[in-house]
Protein chains: 2
Amino acid sequence: MNDSGEGAGQAAPARRKDARRNQQTLLDAAAAVFVTSGVDAPVRDIAARAGVGLGTIYRHFPTRADLIIAVYRHQVDACADAGSALLATSPSPHAALGQWINLFVDFLVTKHGLAAVLQADNAGFEALHAYFLDRLVPVCTELLEAAAVAGEIRPDIDAYELMRGVGNLCIGADSDPRYDARRMVELLIAGLRRPHH
Amino acid sequence: MNDSGEGAGQAAPARRKDARRNQQTLLDAAAAVFVTSGVDAPVRDIAARAGVGLGTIYRHFPTRADLIIAVYRHQVDACADAGSALLATSPSPHAALGQWINLFVDFLVTKHGLAAVLQADNAGFEALHAYFLDRLVPVCTELLEAAAVAGEIRPDIDAYELMRGVGNLCIGADSDPRYDARRMVELLIAGLRRPHH
DNA sequence: ATAGTTCCGGAACGAGGTTCCGCTTTGCTC
DNA sequence: GAGCAAAGCGGAACCTCGTTCCGGAACTAT
């Protein structure tokens with residue numbers, strides 16, 4: 001992928017070597033800190049772990065949200081890609097939808113605090129919210145439509161709404177042994193089955 | 001109800017008159033601020049609105065969470081009480097459950113930011129979390145059991161889990177016109193219907 | 001009125017995100 | 001290899017927000 005990630009750049013601006021290295025160091029440090037302290041870890045912790053100043057972090061990632069996006073971009077993309085694949089290989093669209101949702105839930109649940117930060121109203125995290133949705137809503141729409149066409153689910157479900165619902169259900173799933181987000185999501189998915197008769 | 005709310009007090013400790021008045025002023029100010037700025041409004045805003053210093057607020061409500069609890073205590077209690085009533089007057093336990101959940105959802109959705117703060121992992125808000133659950137889980141358990149006994153829903157649903165799921169679904173429901181928490185909760189409730197054979 | 005509490009106000013502290021700016025490193029040129 | 005401008009860097013400083021502290025003002029019982 002592009003290092004700068006912006007514009008329709010012809011000739012890459014050729015960033016300095018140290019800058020490039022720092023960016024990677026930061027990504028690694030952030031990933032490590034997120035695993036141990038959750039996505040809400042203070043920026044200072046990440047900077048310290050990377051052995052870098054605060055200014056450096058903000059030069060590369062203007063906002064905490066951008067750093068989070070960068071860390072998880074690959075996994076989100078992988079999840080999105082898995083959608084079409086599942087649809088192609090699953091026996092039924094409904095099964096594909098279920099498996100795909102499980103993928104998403106597993107992803108969220110294993111990232112301490114990520115789900116909580118996906119909320120649209122979380123000031124400063126609009127970019128995160130937008131990235132996840134831009135990437136996943138089209139896939140979800142595809143799966144929902146296939147299942148609806150197959151008559152397996154109600155046809156009036158909006159992918160955006162479902163994604164938000166699933167994301168919400170995953171909030172706090174870690175850190176509370178009494179709450180099993182997976183089970184709740186199963187109920188939600190069960191709820192959109194077309195009443196068979 | 002008791003003003004102090006603690007102990008099995010015989011003779012009221014007779015707080016000073018100004019203290020009592022300030023407590024009420026604060027409650028009113030907080031309620032007003034919560035309506036306009038949401039439950040996340042800075043403590044300073046509430047103090048200012050009440051025309052009172054910060055020390056005063058913390059004397060009466062040791063923590064932001066305590067203030068929130070105090071403001072909504074009545075409504076939570078009312079919701080809890082409505083549970084038994086609905087069960088007594090509804091045609092079926094399942095109908096009662098549905099109506100009761102709707103009551104709860106309406107309550108959460110109309111309180112900007114409340115649902116988001118109910119999370120167990122929200123540091124400092126354990127008291128809020130605990131109050132809501134202590135009050136509502138028993139009612140929910142009662143409704144679930146009645147519906148389960150009537151054979152209308154799956155018998156393996158835990159009230160705590162369901163309450164958390166519903167609460168989670170309500171997060172950010174205001175502030176996002178594209179997301180309708182009520183619809184998602186409906187799906188969830190639909191999902192716990194016993195698959196009729 | 002007076003002493004003894006109880007309360008009050010708001011400065012101050014700590015934590016976190018973000019901004020700013022003087023200094024360092026790098027990459028290019030001669 | 002030396003010189004220079006641009007690109008980067010570090011971390012002090014600023015802002016917001018919750019919470020704590022304490023000197024002084026406001027009650028109340030006597």
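Throughout, protein chains are lettered first and strands after them, A, B, ... in sequence-line order, and every chain is numbered starting at 1.
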- Kindly point out which of dG8(D), dT19(D), dC27(D) is positioned nearest to the side chain of Arg59(A)? dG8(D)

Kindly give the atom pairs (protein nitrogen or oxygen, nucleotide nitrogen or oxygen) under 3.5 Å for nucleotides 13-16 of chain D.
from, atom 1, to, atom 2, distance (Å)
dA13(D), N6, Arg44(A), NH2, 3.2

- Considering just the side-chain nitrogens and oxygens of Thr63(B), establish if one lies under 4.0 Å of OP1 or OP2 belonging to dT19(D). yes

- Would you please test Asn22(B) and Arg59(B) for side chain to side chain contact (heavy atoms under 4.5 Å, CB included) and show each step? CA-CA 10 Å; Asn22(B) 271 332; Arg59(B) 163 169 301 270; over 6 Å; no

- Message: Within the 4.5 Å heavy-atom criterion, are Val149(B) and Pro93(B) side-chain neighbours or not?
- Response: no

- Task: Using only side-chain N and O atoms of His60(A), determine if any of them is under 4.0 Å from OP1 or OP2 of dG8(D).
- Result: no

- Asp45(B) atom CG is separated from dC17(D) atom P, nearest whole Å, by 7 Å

- Message: Quick check on DNA chain D: between Ala65(B) and Arg21(B), whose nearest nucleotide comes earlier from the 5' end?
- Response: Ala65(B)

- Rounded to the nearest 0.5 Å, what separation is found between the CG atom of Leu67(B) and the CD1 atom of Ile57(B)? 6.0 Å

- Query: Are Tyr179(A) and Ile171(A) co-members of a hydrophobic cluster defined by side-chain heavy atoms under 4.5 Å apart?
  - Reply: no

- Message: For Asn22(A) and Lys17(B), find the nucleotide of DNA chain D closest to each by heavy atoms; which residue's nucleotide sits nearer the 5' end?
- Response: Asn22(A)

- Query: dA6(D) C1' sits how many Å from Asp18(A) CG, rounded?
  - Reply: 12 Å

Donor-acceptor pairs are to be reported for all side-chain atoms of residues 103-119 of chain B against protein atoms at under 3.5 Å, with residues two or more places apart or in another chain.
from, atom 1, to, atom 2, distance (Å)
Asp106(B), OD1, Arg182(B), NH1, 2.2
Thr110(B), OG1, Asp106(B), O, 2.8
Thr110(B), OG1, Phe107(B), O, 3.0
Lys111(B), NZ, Gln75(B), OE1, 3.1
His112(B), ND1, Asp174(B), OD2, 2.8
Gln119(B), NE2, Ala115(B), O, 3.4
Gln119(B), NE2, Ala116(B), O, 3.2

- Look at the side chain of Tyr58(B) and decide which nucleotide, out of dT19(D), dC9(D), dC27(D), has an atom nearest to it. dT19(D)

- Return the value, rounded to whole Å, for the distance between atom CG of Leu67(B) and atom P of dC17(D). 16 Å

- Task: Begin from the C-alpha positions of Ile46(B) and Phe34(B) and carry the test side chain to side chain contact (heavy atoms under 4.5 Å, CB included) through to its verdict.
- Result: CA-CA 9 Å; Ile46(B) 298 166; Phe34(B) 287 170; 3.7 Å; yes

- Identify the 5'-most and 3'-most nucleotides of DNA chain C with at least one atom closer than 4.0 Å to a non-hydrogen atom of chain B. dT6(C) to dA12(C)

- Item | side chain to side chain contact (heavy atoms under 4.5 Å, CB included) between Trp100(A) and Leu136(A), intermediate numbers included | CA-CA 10 Å; Trp100(A) 186 72; Leu136(A) 299 177; 3.9 Å; yes

- Query: Which whole-number value in Å describes the distance from Arg64(B) CZ to dT20(D) C1'?
  - Reply: 17 Å

- Determine, stepwise, if the pair Thr141(A) / Glu145(A) fulfils side chain to side chain contact (heavy atoms under 4.5 Å, CB included). CA-CA 6 Å; Thr141(A) 300; Glu145(A) 274 182 10; 3.8 Å; yes

- Message: For Arg164(B), is there an ion pair with Asp176(A) - N to carboxylate O distance below 4.0 angstrom?
- Response: yes

